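Written below as C-alpha cells is the structure these notes are about.
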Protein chains: 2
Amino acid sequence: MSTLNGAAAAAGRPVLVTDVLRERIVEGELPPGTPLRDVALSAELGVSRNTLREALRTLHDEGLVVQQLHKGTAVKTLAAEDVTDIYLARRTLELSAVDASPLAPEPLLDAMEAKVAAAELAVDAEAWDKVGTASLRFHQSLVALLGSARLDGFFRVTIAQLRLAFAVMADQGAFQAPWVARDREICDLIRGGRRMDATAALRLYLDESERMVLDAVRAGSRTTSTTRTTPTTTAAKGKR
Amino acid sequence: MSTLNGAAAAAGRPVLVTDVLRERIVEGELPPGTPLRDVALSAELGVSRNTLREALRTLHDEGLVVQQLHKGTAVKTLAAEDVTDIYLARRTLELSAVDASPLAPEPLLDAMEAKVAAAELAVDAEAWDKVGTASLRFHQSLVALLGSARLDGFFRVTIAQLRLAFAVMADQGAFQAPWVARDREICDLIRGGRRMDATAALRLYLDESERMVLDAVRAGSRTTSTTRTTPTTTAAKGKR
DNA sequence: GGCAGCAAAACTGTTGAACAATCTGGCTGC
DNA sequence: GCAGCCAGATTGTTCAACAGTTTTGCTGCC
C-alpha cells in the first residue's frame with residue numbers, strides 16, 4: 001500500500017508528500033540523523049524523484065532537515081545552540097502575547113483555554129504520548145493572541161523543530177504532566193488579567209523547559225557521536 | 001548571456017535561481033501580479049523546468065509568490081490585511097528588541113548604528129532608490145539585538161514581503177528621507193539607554209509607516225483591478 | 001598486518017522529453 | 001448577444017539518462 005493514500009488531494013502532490021514526511025519526522029518515526037535518500041523515498045511514497053525533491057526542499061526551508069551539496073538530505077539533529085535560539089524566539093513571542101492579552105478578542109482567549117483543557121484531558125487519560133503535543137498547542141494558541149498569521153506560521157515551524165528534540169527524549173512519560181498544570185496556571189492568570197504574574201510564571205516555565213530540553217539534547221549528542229551519522233547501512237533501525 | 005551568470009556556485013542551482021528571482025521581485029523588476037511561467041523563465045535563466053519549479057516553491061514558502069493549482073505562479077499582490085499582519089509582526093519583534101536592547105552585546109549595537117549611518121549616507125547622496133532598503137536594514141539590525149537567528153530569518157522574509165508594497169509605490173522619491181531621521185532618533189535613544197522613549201518613538205514610527213503603506217496598497221489595488229480573489233471585503237465594483 | 005592508493009558502486013544534482021489534466025480564448029451556431 | 005464547444009497553451013508530474021561527487025571496497029605494496 002502506498003503510504004501516500006489519497007484521501008484528499010485538493011493540493012498538489014509535493015505538499016502532500018511534505019506533510020507526510022513532516023509528520024513522520026516530528027513524530028519521531030524518522031529520528032534525527034536519518035538520511036532521506038530520494039530514490040528510496042520516492043519509491044516508497046509512490047511519487048517521482050523530482051516531486052520528492054520539492055518536498056525535501058520545503059522541509060529544508062522549515063529547518064527540519066539539513067542538505068549538504070552532493071551529500072543529500074538528513075533529518076536535522078538539534079544542537080544546543082539551536083535549542084537556545086528556539087527558546088529565545090519562544091520567549092519573545094509568548095511573552096509578547098501575554099503583554100498583548102488584555103487587548104485580545106474573547107474567542108481567541110476561549111480557544112486558548114480549550115487547548116489547556118484538551119491537554120488536561122490527555123493527562124487524565126494518561127495518554128502521555130499526546131500530552132507534549134497538546135501542551136505545545138496551548139502555547140501555539142497563546143501566540144495566536146498576537147493576531148498575526150505570519151507570527152503563527154513562524155511559531156508553528158519553530159515548535160516543529162523543537163519536537164525534533166522531544167522525539168529523542170527516551171522518556172516521554174509521566175514527567176510531562178507537571179507542565180500541563182503550569183499551562184493551566186498561566187492560562188488562568190491571563191484570563192484573570194494578572195498580566196505581570198502571568199509573565200513571571202511563563203518566564204520561569206520557559207527557563208526550566210529550556211534547561212530540560214537542553215539536557216536532553218546534550219545527553220543525546222553524547223551517545224550518538226555528533227557528526228557521524230549512520231556508520232554503516234541502517235543496521236539497527238529497530239527499538240533500542 | 002545567461003542571466004544566471006555563474007560567479008559563485010557554491011550552492012545548488014535551485015537556490016541560485018531562487019536568489020535571482022527574489023531579487024527581481026523585491027526590486028520591483030517583476031511587479032506584483034506578474035505571472036511567472038515556468039517554461040519561459042527556465043529558458044531565460046538557462047535551467048531546467050524542474051529546477052525552476054523548486055525555486056518557485058521556495059519563493060512560495062517565503063510568501064513572495066502565490067500558487068494556484070493548475071493556474072501557476074504569480075508575484076504576490078499584498079492585500080491590506082497582509083500589510084496589517086506584517087506590521088503586527090514588526091511591532092512584536094522590533095518593540096521586543098528595544099526591550100532587550102539593554103542586554104544586547106555591544107557589537108550588535110555598533111552594527112545597528114552603522115546601518116543608520118549607511119542610510120544617512122544614501123540620503124546625502126540623494127540615492128533615493130537605495131534609501132528605503134537601507135532603512136529596512138537598520139530595522140533588521142534592530143531585531144538582531146534579540147540574538148535569535150530564527151527570528152532574524154523570519155524578519156528578513158517578512159521585510160521582503162513588505163518590499164512588494166514598496167516597489168509598487170510610484171514615488172519612491174525624497175519623501176522617504178524623513179524616515180531615516182527618525183531611524184537615527186530611535187537608534188540614539190536606544191544607545192542612550194532611554195528605552196521607554198525609544199519604544200514610544202518606534203511605536204509612532206510603525207503606526208505612521210503602516211498607514212502610509214496601507215494607503216499605497218489601497219491606491220494600487222484600486223487602479224490595477226485586483227485578481228478575482230476576495231470579492232468579500234471590498235464591495236468591489238470592478239471597473240469594466 | 002596495516003596502509004596508500006585506485007577502481008567500482010552508490011548517490012546526488014540536473015536535464016530534457018513526454019503525457020495527462022486543466023485552464024483559456026476564440027469560434028460557431030443559434 | 002449568448003451558450004456551448006473546440007483547440008491551443010500551460011501546468012503538474014513522471015521517467016530515463018548522464019555528469020559529478022562521495023563512499024566503499026579492493027588490491028598491492030611496504
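Heavy-atom basis, side chains included; hydrogens, waters and symmetry copies ignored. The structure displayed is predicted, hence computed values, not measured ones.
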Qualifying ring-ring contact (aromatic ring centres under 6.0 Å, His included) pairs with a residue from residues 34-88 of chain B, counting only residues at least two apart or across chains = none
With distance as the sole test, does A/Gln140 use its side chain to make a donor-acceptor pair with the main-chain N or O of A/Asp152 at under 3.5 Å?
-> yes
For the base of D/dT13, is there a side-chain donor-acceptor partner from A/Arg49 under 3.5 Å away?
-> no
Could you pull out all residues at least two apart from B/Arg156 that satisfy salt bridge (Lys or Arg N to Asp or Glu O under 4.0 Å)?
-> none
What is the distance, rounded to the nearest whole Å, between atom CD of A/Gln68 and atom P of C/dG13?
-> 10 Å
What integer distance in Å separates A/Arg13:CZ from C/dA20:C1'?
-> 11 Å
Any idea which of C/dT24, D/dT13, D/dT10 is nearest the B/Arg37 side chain?
-> D/dT10
Once you round it to whole Å, what is the distance between C1' of C/dA10 and NZ of A/Lys71?
-> 15 Å
Tell me the ring-ring contact (aromatic ring centres under 6.0 Å, His included) pairs involving residues 136-158 of chain B, sequence neighbours left out?
-> A/Phe154-B/Phe154, B/His139-B/Tyr205
Shortest side-chain distance from A/His70, nucleotide among C/dT14, D/dG20, D/dT13 | D/dG20
Those residues of residues 50-58 of chain A lying under 4.0 Å from DNA chain D by at least one heavy atom | A/Asn50, A/Thr51
Return the value, rounded to whole Å, for the distance between atom CG of B/Leu36 and atom C1' of D/dA9.
-> 17 Å
Proximal nucleotide (of D/dT14, D/dT11, C/dG13) relative to the A/Leu69 side chain | C/dG13
Sorted by chain and number, sequence neighbours left out, salt bridge (Lys or Arg N to Asp or Glu O under 4.0 Å) with A/Arg163 holds for A/Glu27
Taken to the nearest 0.5 Å, the spacing of A/Gln161 CD from A/Asp85 CG works out to 8.5 Å
Kindly write out the residues that satisfy salt bridge (Lys or Arg N to Asp or Glu O under 4.0 Å) with B/Asp207, not counting sequence neighbours, or none if the list is empty.
-> B/Arg91
May I have the distance from A/Gln67 (atom CD) to C/dC11 (atom P), rounded to whole angstrom?
-> 17 Å
A/Leu41 atom CG is separated from C/dG13 atom P, nearest whole Å, by 14 Å
Using atom CG of B/Leu45 as one end and atom C1' of C/dG16 as the other, report the distance to the nearest whole Å.
-> 17 Å
